[in-house]
Amino acid sequence: MSSNSQPSQITYDTKFIFEETRGDLFNDAPENSSLAHCVSADFKMSKGIAKIFKKKFSTRGLFDQNKKVGQVATLYRNNRYIFYIITKQIFSDKPTREDFVLALKDLRRACEDKNVKLLCLPRIGTGLDKLPLEFVHRTIINVFDGYEMKMIMYYL
Ligand SMILES: Nc1ncnc2c1ncn2[C@@H]1O[C@H](COP(=O)(O)OP(=O)(O)OC[C@H]2O[C@H](OP(=O)(O)O)[C@H](O)[C@@H]2O)[C@@H](O)[C@H]1O
């Protein structure tokens, strides 16, 4: 048979690896990993894991990045990136699924921009923000598909 077939598309398997593991994000995440968590656009961080982040990492420089809901603000602390995923306007709100997806897409952009290869986070959005874990998992897999990075999600 004449081989007039088109050259086969060569795709490289840029594998996104997602893992969940029991552990404390601040004690167990590798020190060279970047971190991420969800916040409101007012950066109140008055409760939950955000409050611990606020205590551990100075928020200087967050506000003047003028990031909005559906975007990510980035700080660099102790030789690691800290990503502030803005999922809602004010602390008393709850995020919409649409804004959560938008913010995760911006998180991927920020990771690509900084060439992040290892990102650790808590079960974002599933506690005070009351998003279903299954929805959060599915969104992460969909948004990060094709980006070569390892993401470890810690739970207590
Ligand atoms: N050390 C640790 N290691 C591993 N996992 C840990 C942990 N500590 C807690 N967790 C778990 O990590 C999950 C999500 O923890 P959270 O419920 O806090 O976050 P969330 O993303 O649902 O909500 C964010 C909004 O909460 C705040 O809003 P307010 O200002 O109060 O309005 C913020 O500002 C945001 O806007 C829960 O399962 C926690 O048990």
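Read the numbers this way: they start at 1 and go in the same order the structure lists the ligands and their atoms. Because only heavy atoms are used, hydrogens play no part in the values below, and waters and symmetry mates are left out as well, while side chains stay in. Numbers for residues simply follow the sequence, beginning at 1.
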If we check ring pair (Phe, Tyr, Trp, His ring centres under 6.0 Å) with His37, which of these qualifies: Tyr84, Phe83, Tyr154? Tyr84
Atoms of ligand 1, numbered as shown, that sit under 4.0 Å from any heavy atom of Ala50: 33 (C), 34 (O)
Indicate yes or no: at least one non-hydrogen side-chain atom of Leu107 is less than 4.5 angstrom from one of Leu119. yes
Among all protein heavy atoms, pick the one closest to atom 35 (C) of ligand 1 and tell me residue, atom and distance. Cys38 O, 3.2 Å
At what distance is the nearest protein heavy atom to atom 26 (O) of ligand 1, and which residue and atom is it? Leu128 CD1, 3.3 Å
Honestly curious: do Phe100 and Leu128 fall in one hydrophobic cluster under the side-chain, below-4.5 Å linking rule? no
Proximal atoms of ligand 1 relative to Pro122 (non-hydrogen, under 4.0 Å): 5 (N), 12 (O)
Distance filter under 4.0 Å to Phe26 heavy atoms, resulting ligand 1 atoms: 1 (N)
Going by the atom numbers of ligand 1, which of them fall below 4.0 Å from some non-hydrogen atom of Gly23? 3 (N), 4 (C)
Please work out which of the three classes, parallel, tilted or perpendicular, describes the rings of Phe57 and Phe26, given edges at 30° and 60°. tilted
Among all the protein's non-hydrogen atoms, which is closest to atom 32 (O) of ligand 1, and how far away is it? Phe91 O, 2.4 Å
What about Asp24: any of its N or O atoms under 3.5 Å from an N or O on ligand 1? yes
Would you say the side chain of Ile86 lies within less than 4.5 Å of the side chain of Lys68, judging by non-hydrogen atoms? no
For Leu25 and Phe53, what are the C-alpha separation, side-chain angles and deciding distance, and is it a side-chain contact (heavy atoms from CB on, under 4.5 Å)? CA-CA 10 Å; Leu25 180 74; Phe53 268 92; 3.7 Å; yes
Considering only protein heavy atoms, which is closest to atom 14 (C) of ligand 1, and at what distance to one decimal place? Arg123 O, 3.5 Å
Protein residue, atom and distance nearest to atom 22 (O) of ligand 1, heavy-atom basis: Gly127 N, 2.7 Å
Interatomic distance, Arg123 atom CZ to Cys38 atom SG [nearest 0.5 angstrom]: 14.0 Å
Does a side-chain heavy-atom distance below 4.5 Å link Arg108 with Met149? no
When you measure from atom 20 (P) of ligand 1 to every protein heavy atom, which one gives the shortest distance, and what is it? Gly125 N, 3.7 Å
Report yes if the side chains of Arg60 and Arg77 come closer than 4.5 Å at any heavy-atom pair, otherwise no. yes
Checking a contact table here: which protein heavy atom is nearest atom 40 (O) of ligand 1, and how many Å away? Leu156 CD1, 4.4 Å
Quick one: which ligand 1 atoms are inside 4.0 Å of a heavy atom on Ser46? 30 (O), 31 (O)
As an exercise, identify every atom of ligand 1 less than 4.0 angstrom from a heavy atom of Gly48. 18 (O)
Lys44, portion touching ligand 1 at heavy-atom distance under 4.0 Å: neither
Side-chain touch Phe18/Phe144, heavy atoms, less than 4.5 angstrom: no
Which residue and heavy atom of the protein sit nearest atom 36 (O) of ligand 1, plus the separation: Lys88 CE, 3.0 Å
Side chain proximity check, Asp28 to Ile152, heavy atoms < 4.5 angstrom: no
Under 4.0 Å from one or more heavy atoms of Val39, ligand 1 contributes atoms 35 (C), 36 (O)
So the atoms of ligand 1 within less than 4.0 Å of a heavy atom of Ser40 turn out to be 36 (O)
Using the side-chain hydrogen bond (donor to acceptor under 3.5 Å, both in side chains) rule, pick out the option among Asp93, Asp99, Asp129 that qualifies with Lys88. Asp129
Among Asn27, Thr126, Ile49, Leu25, whose heavy atom sits nearest atom 19 (O) of ligand 1? Ile49
I'd like to check whether Tyr155 has a polar contact with ligand 1, where a contact means an N/O of the residue lying under 3.5 Å from an N/O of the ligand. no
